[in-house]
Engineer: 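Below is a structure I'd like to ask you about.
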Amino acid sequence: MIVFPDWWKGGFPDREKVCQYAVRPFTDLLDIYTIDPNSQQQVQVMNTDGSPRRPYLCSFLLDGYNGQLPVVRFYRGGGAADVGKLMDPASVQIGVIGATRDDAVQLLEYMRQILLAFPRSGGTVKCPDGSTVSVTEVGEIDGPEIVPELDPDNRLVVHTLAVTCRLPREVPDYGPFVTQIMAGA
């Protein structure tokens, strides 16, 4: 664990987490089904604790991720803060791996439409700790793409968005702290 100085109040929000928090209420509405090999009937996929399986949201793939399908992976790419406007547009790649190509494409499109609509619906993302993040803009960089060379089963679909967040209001101007510390160095 890292302990920061008392004057540090954070910076721009982690866009991978912001996107996960934004889509979680919508992925929690989904039911996952499979075909029972014995009866050939459609059955709901359940977790070991008896709860219904939902898409697994993550920032990196865990070993054995095939047992968690569908998996939705969020990866922050580049982007440069506009300090004058207190905005940070970050590219976020969303990758979906489904049990089938169709599952992956459909789940990605579901989340794509939700994220693209987010700023028009208020843009406030609720975080598990009770705080909120303001998403001011979401735009496509690259639409959904299947890259067969990387995924011979064609079950990985990726999509890249620019997700712009405002610097949280509680974050101070760090200029005076930097000046003070540099003067003492």
Side-chain angles (χ1 to χ4, degrees), residues 1-30 51-52 54-62 65 68 70-97 106-145 157-185:
M1 179 170 109
I2 300 172
V3 177
F4 291 94
D6 290 339
W7 53 263
W8 174 254
K9 304 298 180 204
F12 288 107
D14 179 339
R15 230 47 52 84
E16 292 175 10
K17 290 180 181 177
V18 168
C19 288
Q20 287 179 43
Y21 301 154
V23 300
R24 168 124 11 240
F26 300 95
T27 58
D28 283 350
L29 299 173
L30 302 176
S51 63
R54 305 293 185 228
Y56 179 70
L57 309 179
C58 60
S59 293
F60 61 93
L61 295 176
L62 300 173
Y65 68 86
Q68 295 292 322
V71 172
V72 182
R73 189 255 312 131
F74 298 85
Y75 176 77
R76 187 209 160 119
D82 183 336
V83 179
K85 292 183 180 178
L86 303 177
M87 300 290 183
D88 181 31
S91 66
V92 178
Q93 184 190 73
I94 303 168
V96 176
I97 303 173
Q106 289 176 20
L107 180 54
L108 182 67
E109 185 62 24
Y110 178 73
M111 290 185 301
R112 176 188 190 202
Q113 293 303 321
I114 290 163
L115 288 168
L116 288 172
F118 221 82
R120 296 189 314 274
S121 63
T124 300
V125 176
K126 295 178 185 174
C127 303
D129 66 2
S131 65
T132 60
V133 173
S134 175
V135 176
T136 60
E137 187 177 346
V138 176
E140 285 191 324
I141 295 174
D142 288 318
E145 176 182 13
V157 183
V158 297
H159 178 230
T160 305
L161 297 167
V163 179
T164 304
C165 287
R166 186 189 187 292
L167 188 67
R169 295 193 190 285
E170 64 271 9
V171 174
D173 175 1
Y174 290 122
F177 298 105
V178 172
T179 301
Q180 181 182 10
I181 291 169
M182 292 303 293

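Start at 1 with the first residue, then count along the sequence.
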Engineer: Rounded to the nearest 0.5 Å, what separation is found between the CG atom of L161 and the CD1 atom of I94?
Structural biologist: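 Between L161 CG and I94 CD1, I get 5.0 Å after rounding to 0.5 Å.
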Engineer: Does any non-hydrogen side-chain atom of E140 lie less than 4.5 Å from one of R112?
Structural biologist: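 Yes; the side chains approach each other to less than 4.5 Å.
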Engineer: Measure the shortest side-chain to side-chain distance between V92 and V18 over non-hydrogen atoms and say whether it is less than 4.5 angstrom.
Structural biologist: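 The answer is no; the side chains never approach within 4.5 Å.
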Engineer: In Å and rounded to the nearest 0.5 Å, what is the CZ to CG distance from F74 to D14?
Structural biologist: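 Nearest 0.5 Å value for the CZ-CG distance: 11.5 Å.
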Engineer: Restricting to non-hydrogen atoms, name the atom on T27 and the atom on Y110 that form the minimum distance, rounded to 0.1 Å.
Structural biologist: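 Minimum heavy-atom separation between T27 and Y110: N-CE2, 4.4 Å.
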Engineer: Mind checking the CZ-CD spacing from R73 to E16? Nearest 0.5 Å is all I need.
Structural biologist: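 Nearest 0.5 Å value for the CZ-CD distance: 8.5 Å.
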Engineer: Using the side-chain hydrogen bond (donor to acceptor under 3.5 Å, both in side chains) rule, collect all pairs that involve residues 125-135, keeping only residues at least two apart or in two chains.
Structural biologist: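 Matches after skipping sequence neighbours: D129-S131.
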Engineer: I want to check something: taking the side chain as every heavy atom from C-beta on, are Y65 and Y56 in contact at a cut-off of under 4.5 Å?
Structural biologist: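 With C-beta onward as the side chain, the pair stays apart.
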Engineer: Can you give the donor-acceptor pairs under 3.5 Å from side chains of residues 3-10 to other protein atoms, not counting sequence neighbours?
Structural biologist:
| residue | atom | partner | partner atom | Å |
| --- | --- | --- | --- | --- |
| K9 | NZ | D6 | O | 2.9 |

Engineer: Taking it one step at a time, do T136 and M87 satisfy side chain to side chain contact (heavy atoms under 4.5 Å, CB included)?
Structural biologist: CA-CA 9 Å; T136 60; M87 300 290 183; 3.8 Å; yes
Engineer: Starting at OG1 of T124, measure out to CZ of F118 and round the result to the nearest 0.5 Å.
Structural biologist: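 Spacing of OG1 (T124) from CZ (F118) equals 7.5 Å.
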Engineer: If I compare all heavy atoms of C127 with all of V133, which pair ends up nearest, and what's the gap?
Structural biologist: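 Smallest heavy-atom distance, with atoms named: SG-CG2, 3.8 Å.
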Engineer: Can any side-chain N or O of R54 pair as donor or acceptor with the backbone N or O of L30 at less than 3.5 Å?
Structural biologist: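 Checked: pair present.
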Engineer: Starting at OG1 of T164, measure out to CZ of F12 and round the result to the nearest 0.5 Å.
Structural biologist: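 Reported to 0.5 Å precision, the distance equals 10.0 Å.
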Engineer: What I want to check is whether the side chains of Q20 and S59 have a donor and an acceptor closer together than 3.5 Å.
Structural biologist: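 Yes, because at least one side-chain N or O of Q20 sits under 3.5 Å from a partner of the opposite role on S59.
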Engineer: What's the shortest heavy-atom distance between V96 and L107, and which atoms?
Structural biologist: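 Here V96 and L107 meet closest at CG1-CD2, 3.8 Å.
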Engineer: How far apart are the closest heavy atoms of P144 and V157, and which atoms are they?
Structural biologist: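 Smallest interatomic distance, heavy atoms only, reads CB-CG1, 4.2 Å.
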Engineer: State, with a plain yes or no, whether a side-chain heavy atom of L167 is found less than 4.5 Å away from one of D88.
Structural biologist: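 Sidechains of D88 and L167: no contact.
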Engineer: Looking at V158 and G95, what are the two nearest heavy atoms and their distance?
Structural biologist: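 Heavy atoms only, the tightest pair is CG1-CA, 4.1 Å.
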Engineer: Indicate whether the side chain of H159 and that of E109 have a donor and an acceptor atom separated by less than 3.5 Å.
Structural biologist: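 Note: H159 and E109 side chains miss the donor-acceptor criterion.
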Engineer: Would you call V72 and V23 a side-chain contact if the rule is heavy atoms closer than 4.5 Å?
Structural biologist: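 V72 does not reach V23 side chain to side chain.
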Engineer: Side-chain atoms of residues 78-86: list all donor-acceptor pairs with protein atoms under 3.5 Å, sequence neighbours left out, distances to 0.1 Å.
Structural biologist:
| residue | atom | partner | partner atom | Å |
| --- | --- | --- | --- | --- |
| D82 | OD1 | G84 | N | 3.3 |
| D82 | OD1 | K85 | N | 3.2 |

